[in-house]
Number of protein chains: 2
Amino acid sequence: MTWNTSVDQAERGSAGAPTTATAPTTPTAPSLLTQPRVCSVARALEVVGERWSLLVIREVTFGVRRFDAIQAATGAPRAVLTERLAGLVRAGVLERVTYREAGSRTRWEYRLTPAGRELAPVLSALRQWGDRHLAGEDGPPATFTHAGCGAPVRVQHVCEAGHVIENTREISRKAGPPVTS
Amino acid sequence: MTWNTSVDQAERGSAGAPTTATAPTTPTAPSLLTQPRVCSVARALEVVGERWSLLVIREVTFGVRRFDAIQAATGAPRAVLTERLAGLVRAGVLERVTYREAGSRTRWEYRLTPAGRELAPVLSALRQWGDRHLAGEDGPPATFTHAGCGAPVRVQHVCEAGHVIENTREISRKAGPPVTS
DNA sequence: CTTCTGAGTTCGATCTACGAACCTAGATGA
DNA sequence: TCATCTAGGTTCGTAGATCGAACTCAGAAG
């Protein structure tokens, strides 16, 4: 079965001031969902959606790997950080390994697993949105460039046939639980 | 000033079982951050990082716009949903507009603003990660395709010179607060 | 033997989330 | 006229999460 529900259709009329839609936009229908929708977005948020989780991953991505350094860079309370790190290790996003510098005692550090590394587009997408909509007067606090050519990096939708998708209206949803109005 | 810190370097040695790094990977240095790092990721998470926020945006993206329908689809407690919707409206991600169906009373609905629509890559990146790492036995609960050609849609890093970036090691960080170890 | 440091724990005070029940105004029906 | 239904919230008491500050503990250095 296939519900081909156009994502993000019908944004007409979103201009005026005392915002009032003049045309009926939402057909009346009983809710078909008796359970909350389960989707990969929800599942992913169970892993990385808690407060501090993505900031921790941001730091580890930057190469900040020790507890105290992650704590300082994120500002997370230590007890919460302990819990988040343990959760991310349990989820397979980070791994906790010992390391020893010459002439120093054994310490712990946290590293991204391959699965953790694949969260990079999530961070990039958030950063891109924040840069665009929440940056201060002096522009984005940091910029990211392609090491090969020096050009700025961004994330974008593409299809597997190689088309770049500029507008979310070009994306269709196939299968999955019904969309209710 | 430019710190050109390679993102995601040094993943060597992340293979063995009783995970122990044999080489020193983290040069000892005092933390240079006296304040938590401010970046666009953190700023974006202040807007969409609370529990339920992104699921609400997911639903509105699907065209689910009424309070009760969003509540049913996300499973968020009503009081929390009220607060999230108000926060997202305040942040300029959603707008709350009245609409009237023929012969029916006035109702409210929530719509994405242009800024809200630009969160689509965040949702897609989360979905993609969840599909890859958390999908159940029967595969992803929903799939998304390019309306033009029918091919599956994904998000990826590209640079503005047009290169597709397959590996996060190809991304450099320029400027911004120092990375501490 | 004392101090230092990294990596957490513990603690009491908030803060937030939770589910269930309740409220209100417009439409509908008897 | 009166009761009922519905959409879109509020209210409430409880339970769990978060906060910052202080404390702990083990290994290394002096």
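Values reported hereafter were calculated over all heavy atoms of this structure, with side chains retained and with hydrogens, waters and symmetry mates removed. Letters A, B, ... are given to chains in the order of the sequence lines, protein chains preceding strands, and every chain is numbered from 1.
One finds a side-chain N or O of B/Arg66 lying less than 4.0 angstrom from the OP1 or OP2 phosphate oxygen of D/dG8. Contact annotation: B/Tyr110 reaches the phosphate of D/dG9 (side-chain N/O to OP1 or OP2, under 4.0 Å).
Rounded to an integer number of Å, the gap from B/Glu109 CD to D/dG9 C1' is 17 Å. As rounded to whole Å, 14 Å separates atom P of D/dG8 from atom CG of B/Leu94. Computed from coordinates, the B/Leu81 CG to D/dA7 P distance equals 15 Å when rounded to whole Å. For the pair B/Arg65 CZ and D/dG8 P, the computed distance is 13 Å after rounding to whole Å. Note: CZ (A/Phe67) to C1' (D/dC25) measures 14 Å, nearest angstrom. Rounded to whole angstrom, the span from the CG atom of A/Asp68 across to the P atom of C/dA7 amounts to 6 Å. Between the CD atom of B/Gln71 and the C1' atom of C/dA20 there is a distance of 12 Å, given to the nearest Å.
Alongside B/Val164, the hydrophobic cluster contains B/Val158 (criterion: ILVMFWY side chains under 4.5 Å).
When atom types are taken as modelled, the side chain of A/Arg66 and the backbone of A/Glu109 share no donor-acceptor pair closer than 3.5 angstrom.
Checking D/dG9, C/dT9, C/dA7 against every side-chain atom of A/Arg107, the shortest atom distance belongs to C/dA7.
With sequence neighbours left out, B/Ala86 forms a side-chain contact (heavy atoms from CB on, under 4.5 Å) with B/Arg90. Shown here are the side-chain contact (heavy atoms from CB on, under 4.5 Å) partners of A/His133, two or more places apart in sequence or in another chain: A/Trp129, B/Ala115, B/Glu118. With sequence neighbours excluded, the residues satisfying side-chain hydrogen bond (donor to acceptor under 3.5 Å, both in side chains) with A/Glu59 are B/Arg37. Partners of A/His157 according to the ring-ring contact (aromatic ring centres under 6.0 Å, His included) rule, which considers only residues two or more places apart in sequence or in another chain, do not exist here.
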Taking only nitrogen or oxygen atoms into account, show me every contact under 3.5 Å that the protein makes with nucleotides 17-24 of chain D, one pair per line with its distance.
{"from": "D/dT18", "atom 1": "OP1", "to": "A/Arg84", "atom 2": "NH2", "distance (Å)": "2.5"}
{"from": "D/dT18", "atom 1": "OP2", "to": "A/Arg84", "atom 2": "NH2", "distance (Å)": "3.2"}
{"from": "D/dC19", "atom 1": "OP1", "to": "A/Arg51", "atom 2": "NH1", "distance (Å)": "2.9"}
{"from": "D/dC19", "atom 1": "OP2", "to": "A/Trp52", "atom 2": "NE1", "distance (Å)": "3.0"}

